[in-house]
Amino acid sequence: MGHFSRVLGFLLLAAGLPLEEAKRYRDVLGHERSPGHMREHNQLHGWSSDENEWNENLYPVWKRGDSRWKTSWKGGRVQAILTSDSPALVDSNITFVVNLVFPRCQKEDANGDIVYEKNCRNDAGLSPDLYVYNWTAWAEDGDWGNSTSQSQHLMFPDGKPFPHPHRWKKWNFVYVFHTLGQYFQKLGRCSARVSINTANLTLGLEVMEVTVYRRHGRAYVPIAQVKDLYEITDQIPVFVTMSQKNDRNSSDETFLRGLPIVFDVLIHDPSHFLNQSAISYKWDFGDNTGLFVSNNHTLNHTYVLNGTFNFNLTVQATVPGICPSPAPTAPTPSPSFMPTSNSSMELSDIADENCQINRFGYFRASIIIVEGILEINIIQIADVLMPEPQPDNSLMDFIVTCEGGTPMEVCTSISDPTCQITQSRACSPVAVDERCLLSVRRAFNGSGTYCVNVTLGNDASMALTSTLISIPGKDSAFPLRTVSGALIFVGCLAAFITVITAFLYKKHKEYKPIGNCAGNMVKGKGLSVFLNRAKASFFPSNQEKDPLLKDQPGVF
């Protein structure tokens with residue numbers, strides 16, 4: 001019988017008919033082949049070798065470019081986006097996240113079904129259907145039953161059964177991750193996350209590839225494939241942000257002389273592997289100011305000279321860990337007068353003690369220091385007198401001074417009193433001398449309180465100052481109302497004096513004393529004095545003519 005099988009196989013090969021072989025994970029996912037020694041060295045906890053067989057009947061395999069990819073999802077293609085928090089420090093964890101992007105107007109609801117968004121119009125217009133895939137209805141029809149015949153399809157490509165955590169029936173996608181000759185498979189919804197420890201991984205760049213399947217009755221249909229690079233490193237990933245007041249563009253590594261630069265160190269450690277580590281920072285700013293060592297991730301430094309300087313930072317992290325067990329070694333020969341000891345035994349005694357592993361990170365940058373505008377001040381605000389006043393428009397002059405570099409542009413913005421809502425903005429070139437004194441004229445529409453920002457800038461710097469200004473109202477009827485009020489007041493005063501005069505005259509006419517004309521003259525003088533005093537109280541004259549002012553202090 002065995003001889004007949006061998007003959008049959010030979011005949012099939014001679015006829016050009018290939019023998020059917022069971023597909024393996026490496027055949028489906030292994031676009032970047034990993035050698036056997038790499039798979040053995042980089043063992044990932046919970047992952048399986050891609051030498052395992054793949055159930056192609058349950059999970060069909062399509063090559064790239066197959067026309068079936070275009071019809072594997074209703075309404076268009078599904079895009080899978082793979083991201084990671086690479087680079088990862090060796091011994092830490094690295095996390096991969098896959099997110100599915102559905103065709104326009106489609107989304108996943110709370111039950112895990114794919115539905116059409118309401119009032120969303122795609123290329124085909126508004127869809128009359130509610131569901132794209134109603135997997136909940138399939139489950140209610142017994143598709144997710146517990147009988148043996150019904151659960152034969154509830155398994156991964158390698159034949160392992162699906163896990164049954166809480167709400168697992170709402171997970172309708174199967175994600176297969178593959179890297180370093182190993183695979184990991186899991187159920188999920190429109191997003192899946194996987195983390196691996198990098199303790200046994202080889203340093204350098206590697207490839208992670210993910211294939212995504214969706215439920216299709218009692219089988220699964222591939223809908224997306226994606227891959228991405230990730231990096232494992234033994235150096236701490238370090239980045240430094242540099243910021244400075246009045247610096248126009250912090251990304252060009254050009255800064256201003258005489259103003260402090262804020263250096264802030266960012267350590268890329270998304271898995272918090274270095275949380276229990278002692279971290280120190282060694283700063284060398286390249287301007288012969290010496291080496292600074294601190295435990296703070298931020299530091300200010302001021303360059304006092306123009307030029308180019310090489311900035312160097314070294315970050316050291318002391319990571320606590322378990323000491324590895326040493327390999328046994330033969331005792332070293334020693335002179336007879338020296339006591340002998342078993343060094344391997346001494347190392348074994350400390351194998352379970354805590355060891356400290358030092359990890360380092362480095363950052364270098366070339367910093368250019370130039371002259372820039374250091375400070376700007378508004379020293380005077382003046383109202384511009386116009387020959388023909390405009391009731392709804394006011395012109396104001398702002399006298400501005402600056403220190404440092406020479407500005408080439410001035411900009412002003414007028415906002416509300418909170419300086420939040422900009423009402424107008426204007427910029428114009430400016431030419432000033434070494435004293436840096438200029439006048440900026442701006443118009444204000446209507447009365448009220450305004451926030452005014454004045455900015456002076458050049459290629460490297462930009463300085464800003466702000467002030468609040470109150471514009472009074474200009475009512476043209478106000479002088480007329482003042483004159484009318486004065487005329488009314490004079491008329492009332494004249495009537496009052498007439499009444500008083502008539503009353504006194506009547507009293508004087510009724511009383512006829514006996515005597516000479518001198519008495520009459522006194523009475524007449526008294527009335528004159530009264531009228532003069534009344535006039536003086538209501539219509540004060542120029543006091544400079546009063547000889548009594550000569551006795552008042554401070555008047556010349």
Side-chain angles (χ1 to χ4, degrees), residues 240-264 283 285-290 292 298-311 365-384 394-420 422-444 449-471:
V240 179
T241 62
M242 294 171 279
S243 59
Q244 183 187 43
K245 176 185 176 182
N246 296 351
D247 180 38
R248 188 154 197 163
N249 183 10
S250 60
S251 63
D252 62 359
E253 297 182 351
T254 299
F255 298 94
L256 313 179
R257 179 178 65 87
L259 289 178
I261 304 174
V262 180
F263 295 83
D264 190 3
W283 312 78
F285 297 101
D287 57 352
N288 297 324
T289 55
F292 299 89
T298 61
L299 190 66
N300 295 353
H301 184 74
T302 302
Y303 288 89
V304 297
L305 297 176
N306 293 346
T308 301
F309 303 90
N310 294 321
F311 167 69
S366 181
I367 298 177
I368 302 175
I369 303 299
V370 298
E371 193 77 19
I373 304 172
L374 305 181
E375 188 176 355
I376 174 177
N377 291 291
I378 299 175
I379 62 174
Q380 184 179 351
I381 304 175
D383 190 0
V384 179
S394 297
L395 289 179
M396 305 296 294
D397 278 342
F398 298 84
I399 308 302
V400 180
T401 62
C402 67
E403 297 180 9
T406 302
M408 297 183 299
E409 182 185 49
V410 57
C411 295
T412 56
S413 63
I414 301 175
S415 311
D416 68 320
T418 64
C419 301
Q420 300 295 323
T422 302
Q423 300 175 0
S424 64
R425 178 178 173 83
C427 294
S428 59
V430 63
V432 298
D433 56 15
E434 63 277 2
R435 296 179 303 168
C436 193
L437 179 67
L438 68 153
S439 176
V440 181
R441 177 170 295 183
R442 288 296 178 259
F444 295 84
T449 302
Y450 298 89
C451 173
V452 180
N453 293 333
V454 180
T455 304
L456 296 181
N458 54 24
D459 293 337
S461 59
M462 179 177 293
L464 168 71
T465 186
S466 300
T467 186
L468 288 176
I469 183 172
S470 179
I471 304 298

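Numbers for residues simply follow the sequence, beginning at 1.
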Contact check, side chains of [X] and [Y], non-hydrogen atoms, under 4.5 Å:
X	Y	answer
Leu259	Leu374	yes
Asp383	Met396	yes
Phe398	Thr412	no
Val454	Val410	yes
Ile367	Met242	yes
Ile369	Ile261	yes
Ile399	Leu437	yes
Asn453	Cys451	yes

task = Fit a plane to each ring of His301 and Tyr303, take the angle between them on a 0 to 90° scale, and name the class: parallel (under 30°), tilted (30 to 60°) or perpendicular (over 60°).
result =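 Ring orientation, 0 to 90° scale: perpendicular.
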key: Aromatic plane relationship, Trp283 with Phe263 - under 30° parallel, 30 to 60° tilted, over 60° perpendicular   =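 Rings of Phe263 and Trp283: perpendicular, as their planes differ by over 60°.
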Nearest heavy-atom neighbours spanning Thr302 and Gly258 =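 Result for this residue pair: CG2-C, 3.6 Å.
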Point-to-point distance, once rounded to the nearest 0.5 Å, from [atom1] of [X] to [atom2] of [Y]:
X	Y	atom1	atom2	answer
Ile376	Asn246	CD1	CG	9.0 Å
Leu468	Asp416	CG	CG	10.0 Å
Ile378	Ser466	CD1	OG	7.5 Å

ask   = Does Asp397 have any salt bridge (Lys or Arg N to Asp or Glu O under 4.0 Å) partners at least two apart in sequence or in another chain, and if so, which?
value =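 Expected list: Arg441.
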ask   = So does Asn288 have more than 12 non-hydrogen atoms from other groups sitting under 6.0 Å from CG?
value =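 No, because the 6.0 Å sphere around CG of Asn288 holds 12 heavy atoms or fewer from other groups.
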task = Compute whether any side-chain donor of one residue and acceptor of the other, for Thr298 and Asp264, lie under 3.5 angstrom apart.
result =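 The criterion, which ignores hydrogens and geometry beyond distance, is not satisfied for Asp264 and Thr298.
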task = Go through the steps for Thr406 and Asn458 under the test side-chain contact (heavy atoms from CB on, under 4.5 Å), then give the verdict.
result = CA-CA 7 Å; Thr406 302; Asn458 54 24; 5.7 Å; no
query = Can you check whether Cys411's main-chain N or O pairs, donor with acceptor, with Arg425's side chain at less than 3.5 Å?
reply =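 Absent.
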note = side chain to side chain contact (heavy atoms under 4.5 Å, CB included) with Leu456: of Leu438, Thr401, Leu464, only one passes, and it is Leu438
key: Aromatic ring proximity Tyr450/Phe444, centre distance under 6.0 Å   = yes
query = Can you list every pair that meets salt bridge (charged side-chain N to carboxylate O under 4.0 Å, His left out) and has a residue in residues 369-382, with sequence neighbours left out?
reply =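 As it turns out, the salt bridge (charged side-chain N to carboxylate O under 4.0 Å, His left out) pairs with a partner in residues 369-382, which skip direct neighbours, are Arg257-Glu371.
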